[in-house]
Amino acid sequence: LESKVLYNHALKKVDLDPEEDWEITLSFANGDEHTVDMLIGADGVDSILRNNFFETHSAPTSMGQWWISGTTELKNWKGEPNVCFECRGTATRIWASRISESTVGWKGTVFEEKYQKPAEDSIAEIAEIFRPAPSDIIDAILSTQPQNLSSGSVRVYKPHPNWNQYGGRLLLTGSAVHGIPDSLMQDTGMLLESAEALAMAFQDSCEKYVDVYVDDDLESVAFGLNAAAEKYEAVRLPRVQKIYLDSKEEQMLLNTSSSIMSGLRATAEWMNRFTTDISIKDVVGYDIFDKFGSTAHRTL
């Protein structure tokens, strides 16, 4: 395939041919077929590739919550750029931030046992669920157009070992192998970290085996693919396992549908004696470049 994005190409079938050095044939719903040497599954928590080729992995887990998010034009928003406001209620939690000069983005999570998810065109009902959040956040919700809303169920995926098959020919990344709860706001961050780690692992491999790649030595190329896939997993697995556990602990502590627990949580926050031992430095002080050395710094 050329370096481009193909739209309207829903993947229907994947075939591997062991007699052709594990050549991969992709069949799409529109009738197109493409042959590739390697396939990276970045197809989310319900990954087709993982479900069909990685039998040791488990299914995603529901957190008993739903999420909703939106963007809106709101010029009188009081917050500064890159500053996120968070408001926690009984069975609800919502974040909002200015994401451009006049655009505000927001996202909320809600326990299903307390509130059923309303239709996305019921803006007033959605806003009511998140009261008594500050008026600025409620105004952001009320001014959001239905076409700018997204929603779904909160499901997570516990990171498992074995992210590649067939010597690195099939490889998983992103929420296909680590669906992180968003309680520490690290769900998207982990996706971006993994994407960079994968690129760095292959860059590192290419620099080590550049001569054999040019000579088209298939055995050495296969070794390079496998080495890159294994280094990628070795770097990322411990990191995402820790963030997954920390985020899940925080999720259950903060997003509670119990009024009593909400009160205790508020008291603990006020006293600044949170029971969690999560280190913010471990979460946001992580430097992925340290895992790959000078090559990564030079390349990216």
Side-chain angles (χ1 to χ4, degrees), residues 1-60 155 157-179 190-238 240-241 291-292 295-296 299:
L1 288 177
E2 298 178 10
S3 300
K4 61 181 181 181
V5 176
L6 300 178
Y7 295 94
N8 300 316
H9 277 66
L11 186 60
K12 185 179 179 181
K13 186 180 180 183
V14 177
D15 288 313
L16 288 90
D17 188 348
E19 296 184 0
E20 293 293 334
D21 197 38
W22 298 107
E23 184 179 79
I24 303 169
T25 301
L26 309 178
S27 301
F28 297 93
N30 63 3
D32 284 1
E33 285 193 354
H34 294 283
T35 300
V36 297
D37 296 315
M38 180 182 182
L39 179 61
I40 300 174
D43 50 342
V45 73
D46 292 312
S47 171
I48 295 174
L49 194 64
R50 184 194 70 227
N51 292 341
N52 284 277
F53 290 96
F54 293 76
E55 296 179 355
T56 60
H57 287 228
S58 61
R155 293 185 301 147
Y157 185 76
K158 184 178 181 179
H160 295 269
N162 304 319
W163 292 7
N164 79 89
Q165 298 280 2
Y166 306 102
R169 299 284 187 180
L170 294 182
L171 184 65
L172 298 175
T173 190
S175 53
V177 281
H178 52 75
M190 291 300 103
L191 304 183
L192 297 175
E193 279 187 11
S194 288
E196 287 203 4
L198 182 58
M200 287 187 239
F202 277 104
Q203 177 67 31
D204 187 58
S205 178
C206 284
E207 291 196 353
K208 288 181 179 178
Y209 303 103
V210 63
D211 294 333
V212 297
Y213 284 145
V214 172
D215 295 337
D216 201 24
D217 182 338
L218 293 180
E219 183 176 346
S220 295
V221 169
F223 181 80
L225 285 176
N226 190 56
E230 290 186 350
K231 182 168 185 177
Y232 161 64
E233 181 176 341
V235 167
R236 292 303 295 157
L237 183 58
V240 296
Q241 283 179 328
K291 305 298 181 180
F292 291 90
T295 295
T299 303

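Across Ala229 and Gly168, no two heavy atoms sit closer than the pair CB-CA, 3.9 Å. Of all non-hydrogen atoms in Gly44 and Arg50, the two that sit nearest each other are O-NH1, 3.9 Å. Nearest heavy-atom pair across Phe202 and Leu171 is CE1-CD2, 4.0 Å. For the residue pair Ala228 and Ala201, the shortest heavy atom distance occurs at O-CB, 3.5 Å. When all heavy atoms of Ser58 and His160 are compared, the pair lying nearest together is OG-NE2, 2.8 Å. Here the closest heavy-atom approach between residue Thr173 and residue Ala42 is recorded as CG2-CB, 3.7 Å.
Atom CG of Leu198 and atom CG of Leu172 lie 10.5 Å apart (nearest 0.5 Å).
Contacts of Asn51 classified as side-chain contact (heavy atoms from CB on, under 4.5 Å), with partners at least two apart in sequence or in another chain: none. Annotation: ring pair (Phe, Tyr, Trp, His ring centres under 6.0 Å) contacts of His9 (sequence neighbours excluded): Phe28. Applying the side-chain contact (heavy atoms from CB on, under 4.5 Å) rule to Lys12 yields no partners; only residues at least two apart in sequence or on another chain are considered. Residues forming a side chain to side chain donor-acceptor pair (under 3.5 Å) with Glu230 (at least two apart in sequence, or on another chain): Asn226. For Leu191, the side-chain contact (heavy atoms from CB on, under 4.5 Å) partners are Ser175, His178, not counting sequence neighbours. Residues that satisfy the ring pair (Phe, Tyr, Trp, His ring centres under 6.0 Å) test with Phe53, not counting sequence neighbours, are absent from this structure.
Side-chain contact between Asn52 and Val14 is absent, with no heavy-atom pair separated by less than 4.5 Å. With a 4.5 Å cut-off on side-chain heavy atoms, Glu233 and Val177 do not count as touching. Here the side chains of Leu26 and Val36 are in contact, with some heavy-atom distance below 4.5 Å. A heavy-atom distance below 4.5 Å is not found between the side chains of Lys231 and Met200.
No donor-acceptor distance shorter than 3.5 angstrom exists from the side chain of Arg169 to the backbone of Leu225, with no hydrogens or angles considered. Using a distance-only test at 3.5 Å, with no hydrogens or angles considered, no donor-acceptor pair links the side chain of Gln165 to the main chain of Phe54.
The number of heavy atoms from other shown groups lying within 6.0 Å of CG (Asn30) is above 12.
For the side-chain contact (heavy atoms from CB on, under 4.5 Å) criterion with Ile24, the lone passing option out of Thr35, Asp15, Leu170 is Leu170.
Annotation: salt bridge (charged side-chain N to carboxylate O under 4.0 Å, His left out) contacts involving residues 25-47, sequence neighbours excluded, comprise Asp46-Arg155.
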Output, in order, the C-alpha distance, side-chain angles, deciding distance and verdict of side chain to side chain contact (heavy atoms under 4.5 Å, CB included) for Leu49 and Leu11. CA-CA 10 Å; Leu49 194 64; Leu11 186 60; 5.8 Å; no

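Tyr157 and Ser47 share no side-chain donor-acceptor pair at under 3.5 Å.
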